[in-house]
Number of protein chains: 2
Amino acid sequence: MENITIKVLASRLNLSATTISKALQDSHEISEPTKQRVRELAAALNYTPNTYARSLRTRKSETIAVVLPEIADHFFALVINGIEAVAREKGYHVLIYLTHEDYHREKEILEYIKKGRIDGLLISVTKNSTATEHIAVMEQENIPVIFFDRVMEQMQLPKVVTNDFESCYLATQHLLDCGCKKINVCTISTNLEISKQRILGYQKAMSDHNISIEKNQVLICDDDAQCYAKLYNSLQATNRPDGIIAIVDKLTLPIYLACEQLNLKIPEDLKVISFSNNPTAGILNPSLTTVSQPAFLIGQTAATLLLNSLDPKNNKVQQDITVIPSELIIRNSTGY
Amino acid sequence: MENITIKVLASRLNLSATTISKALQDSHEISEPTKQRVRELAAALNYTPNTYARSLRTRKSETIAVVLPEIADHFFALVINGIEAVAREKGYHVLIYLTHEDYHREKEILEYIKKGRIDGLLISVTKNSTATEHIAVMEQENIPVIFFDRVMEQMQLPKVVTNDFESCYLATQHLLDCGCKKINVCTISTNLEISKQRILGYQKAMSDHNISIEKNQVLICDDDAQCYAKLYNSLQATNRPDGIIAIVDKLTLPIYLACEQLNLKIPEDLKVISFSNNPTAGILNPSLTTVSQPAFLIGQTAATLLLNSLDPKNNKVQQDITVIPSELIIRNSTGY
DNA sequence: ATTATTTACGTTAACGATAAAGTAAATAAT
DNA sequence: ATTATTTACTTTATCGTTAACGTAAATAAT
C-alpha cells in the first residue's frame with residue numbers, strides 16, 4: 001500500500017506540498033475552497049502527518065517525559081493520571097521512565113532522552129539523588145524541567161510539592177492530641193527534601209509540646225530488605241513508641257505486619273498515621289489515618305506548568321514552588 | 001551554543017557525514033583507527049544523534065505504546081513495571097495512554113499514534129470495546145499489536161492473559177469448600193473476555209457441584225456511580241449470598257464498605273474473594289483472600305513478544321495465546 | 001602482469017515535513 | 001492610470017540522518 005504523504009496529496013490535487021501543509025494547518029494564506037479540497041482528500045486517504053519529519057523540521061516533538069521512582073504506588077500512579085489528563089488535552093504524548101530508586105539509572109535515563117526526543121521533563125528524583133549535573137544537562141539542551149514531589153531544592157527550577165512540613169506537623173499534633181507520649185517517625189531516606197521537611201515538621205511539633213526526641217526515634221528504612229526487621233525491632237523494644245508516623249505509603253504494610261506479629265493492637269498499643277493515597281486505607285484492619293496527598297492535582301499542576309512553559313505565547317518561566325496542601329484523614333488507627 | 005550534529009563531527013575530522021554515521025554504528029566498512037577518532041570526538045563534544053532525523057530515515061522509532069484503561073490500579077501498574085523493565089533493557093521507549101474505560105478515547109488514541117510514532121503497541125481494551133476496526137488500522141500501518149489481559153478474542157493477534165476461567169473456577173471451588181451455599185459474582189462488564197471467562201469458570205464450578213445459579217447472582221457493576229448501591233442492595237436482601245467473588249480489584253472496596261454499613265461480618269456472614277494484586281490485601285479487615293494475577297510477568301511477556309517481533313532476526317509472528325497462571329492466596333476473608 | 005576483490009572511504013539522494021523567500025494575478029490606494 | 005498591497009499560491013532549501021551507489025587505493029587471485 002502506498003504511503004500517504006503530503007506529496008501524494010499535492011500531486012493528486014495539483015498543488016504544491018507546501019500548500020497542503022499550510023492548508024492542513026489552516027493557514028490564512030490558503031483559500032477556503034482549497035483548504036476544503038485538501039481536508040477532504042486527506043480524510044479520504046486517511047492521511048496522518050509523519051511525526052518524525054515534522055519534529056525534525058520544527059524541533060518540537062509534542063512529547064514530554066515523566067521520570068519517577070515507581071509506578072506501583074498509588075501516589076505516583078495518581079500523579080501520572082493527572083499528567084496524562086493534561087497532556088492528552090493539549091495534544092502531548094507522555095513517555096514514562098522508572099528509576100526504581102536507582103540514581104545511576106536516573107542519570108542514564110536523562111542521558112538517553114536529552115537529545116531531541118522530548119520537549120520537556122517532569123521528574124521526581126530517587127532517594128539517592130544528590131548530584132544535579134544530570135539534570136543541569138537538560139537545561140543545556142533547552143529542555144524545561146519541572147520537579148514534582150521529590151524535588152532537588154538546590155536547583156533553581158519550578159517545583160510542585162505538597163506542604164510536607166506542615167502536614168507532618170499536623171499529623172504529629174494529632175497523635176499528641178490522641179494521647180501519644182512517645183512518637184516515632186519512619187522514613188525511607190534522610191536525603192530527600194520531602195523526608196527532611198516531614199521530619200522537621202514532626203520535630204517542630206514535638207518541641208512545641210516540649211517533648212524531647214531521641215536519635216533512634218527517627219527510623220531510617222532506606223534498605224527495603226531490612227525495613228521490616230528494623231520496624232519489628234523498634235516495636236518490640238521495651239521503650240517502644242505508642243505512636244508512629246510513616247512518611248511514605250510503602251511503610252504501612254511492614255508496620256501493620258509487625259504489629260500483628262508482635263500482638264500489638266492498633267490503636268490501643270500503637271497509633272499509626274501514614275502518608276498514603278491508597279484507597280484501601282479505609283478498609284484496613286483497623287482503618288488507617290492518613291495524610292492524603294493531592295496526587296492527581298500535583299500531576300495536573302506540574303504538567304500544566306510544563307506545557308505552558310512550552311507554549312511560545314507565555315514563555316515566562318516560573319521558578320517558584322507551587323505548594324498544594326495535603327489533608328489529614330482521621331480514621332481508626334489513631335483512636336476513635 | 002552550536003548544535004552538535006553528525007556534520008559538525010564530519011567537518012572537524014575531515015570525513016564525510018556518512019563515515020561518521022557508519023563509524024558510530026561500528027560498521028565493518030570503517031577502519032578501527034577512524035572509528036576511534038570518531039568516537040572520541042563524539043564523546044568529547046557530547047554528541048547524541050537526533051532521534052527524529054534517524055527515525056525519519058530508518059522508519060523505526062524504538063518506541064512502543066501502552067494503551068490501557070487505568071494506571072491507578074495495582075494490577076496495571078505492575079504490568080507497566082514489567083513492560084518498562086523489558087523496554088529499557090532493549091533500549092526502547094514507552095509511551096503511556098490511558099483510556100479510562102472510554103472506548104471513544106481508545107479509538108482516538110490509536111488514531112493519534114498510528115502514524116510513524118511507534119514501532120509497536122501493547123493494549124488492554126476498555127470494557128466497552130467491541131468494535132475492532134480501530135485496532136485493525138494498526139495492522140494496516142504495519143504496527144504489530146499485542147493484547148494483554150483484556151483481549152479481543154475475535155482478533156487474530158498475540159495475546160498474553162492469565163488463566164481466567166480456571167482461576168475463577170478454583171476461587172468458586174474454594175468458597176464452596178469453605179461451606180458457602182449461595183455464591184454471587186460481581187463484575188464490571190459482561191463484554192470483556194476476562195469477565196466472560198471468569199464468570200464461566202464460576203458457573204462451571206457451581207454446576208459441577210450441582211448448584212443452580214439465578215440470574216441476579218451475577219452482579220454487573222458497569223457503572224461506577226451505582227456500583228456501591230447495587231452491591232449494598234444485593235447484600236441486604238433476605239436472600240443475600242454467603243459468598244462473593246469480585247472479578248476485579250476495584251470492587252473490593254465497595255464490598256467491604258457495604259458489609260461494614262450492613263454490619264455483615266466477613267467471613268462469618270459473607271466470605272469474599274477478589275481478583276487483586278494490591279499488597280494491602282494482607283492487612284485488610286479481615287485480610288483478603290485473593291486471586292493474585294502474575295501482573296509483572298504479563299507485562300514482561302507481552303513486551304518481550306512485541307520487541308521480539310520487531311527484531312528483524314526473528315520475524316516469526318506468533319498469533320497464539322500465552323497463558324500465565326494466577327495464584328489463589330487464601331487469607332481470612334474466606335474463613336480460617 | 002593483469003584482473004578481481006576487498007578496504008575504506010565519499011557522493012548523492014532521500015526520508016516527509018515546514019520555513020523562507022519568491023511570484024503572478026487580483027485588488028486597493030493614490 | 002499608475003503604483004502599492006494583498007491574496008493565494010509555488011520554489012527552493014533545510015532539519016539530521018542513513019540508504020544506495022560510487023570510487024580510488026590496496027591487496028589478492030590467476
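Per chain, numbering begins at 1; letters A, B, ... match sequence-line order.
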| Does Glu84(B) come within less than 4.0 Å of Arg105(A), counting only side-chain N to carboxylate O? | yes

| Length of the NE2-C1' vector between His28(B) and dT5(C), whole Å | 14 Å

| Quick one: Gln36(A) CD to dA8(D) P, roughly how many Å, whole number? | 14 Å

| query | How does DNA chain D look in dot-bracket form if you count Watson-Crick and G-U pairs under 3.5 Å, write [ ] for pairs that cross, and put | where a base pairs with another strand? | reply | ||||||||||||||||||||||||||||||

| query | Going by the angle between their ring planes, with limits at 30° and 60°, are His93(B) and Tyr97(A) parallel, tilted or perpendicular? | reply | perpendicular

Kindly list each side-chain donor-acceptor pair under 3.5 angstrom involving residues 35-43 of chain A, sequence neighbours excluded, with atom names and distances?
{"from": "Lys35(A)", "atom 1": "NZ", "to": "Asp26(A)", "atom 2": "OD1", "distance (Å)": "2.9"}
{"from": "Lys35(A)", "atom 1": "NZ", "to": "Ser27(A)", "atom 2": "O", "distance (Å)": "3.0"}
{"from": "Arg39(A)", "atom 1": "NH2", "to": "Asp26(A)", "atom 2": "OD1", "distance (Å)": "3.2"}

| said: Output one letter per nucleotide in nucleotides 10-18 of chain D: B when a protein non-hydrogen atom lies under 4.0 Å from the base, S when only the sugar-phosphate is that close, - when neither is. | reply: BBBBBBBBB

| task | Can you sort out the partners of Asp102(A) under side chain to side chain donor-acceptor pair (under 3.5 Å), two or more places apart, ordered by chain and number? | result | none

| said: Using a 4.0 Å heavy-atom cut-off, does Thr34(A) contact any base of the nucleic acid, only the sugar-phosphate backbone, or nothing at all? | reply: sugar-phosphate

| note | Across all chains, not counting sequence neighbours, the salt bridge (charged side-chain N to carboxylate O under 4.0 Å, His left out) partners of Lys127(A) are none

| message | Checking Ile123(B) against Val145(B) for the side chain to side chain contact (heavy atoms under 4.5 Å, CB included) test, could you report, in this order, the C-alpha distance in whole Å, the side-chain angles of both residues, the deciding distance, and whether it holds? | response | CA-CA 7 Å; Ile123(B) 185 168; Val145(B) 177; 3.9 Å; yes

What side-chain donor-acceptor pairs closer than 3.5 Å can you find for residues 65-78 of chain A, not counting sequence neighbours?
{"from": "Glu70(A)", "atom 1": "OE1", "to": "His100(A)", "atom 2": "ND1", "distance (Å)": "3.3"}
{"from": "Glu70(A)", "atom 1": "OE2", "to": "Ala72(A)", "atom 2": "N", "distance (Å)": "3.1"}
{"from": "Glu70(A)", "atom 1": "OE2", "to": "Asn81(B)", "atom 2": "ND2", "distance (Å)": "3.1"}
{"from": "Asp73(A)", "atom 1": "OD1", "to": "Phe75(A)", "atom 2": "N", "distance (Å)": "2.8"}
{"from": "Asp73(A)", "atom 1": "OD1", "to": "Phe76(A)", "atom 2": "N", "distance (Å)": "3.4"}

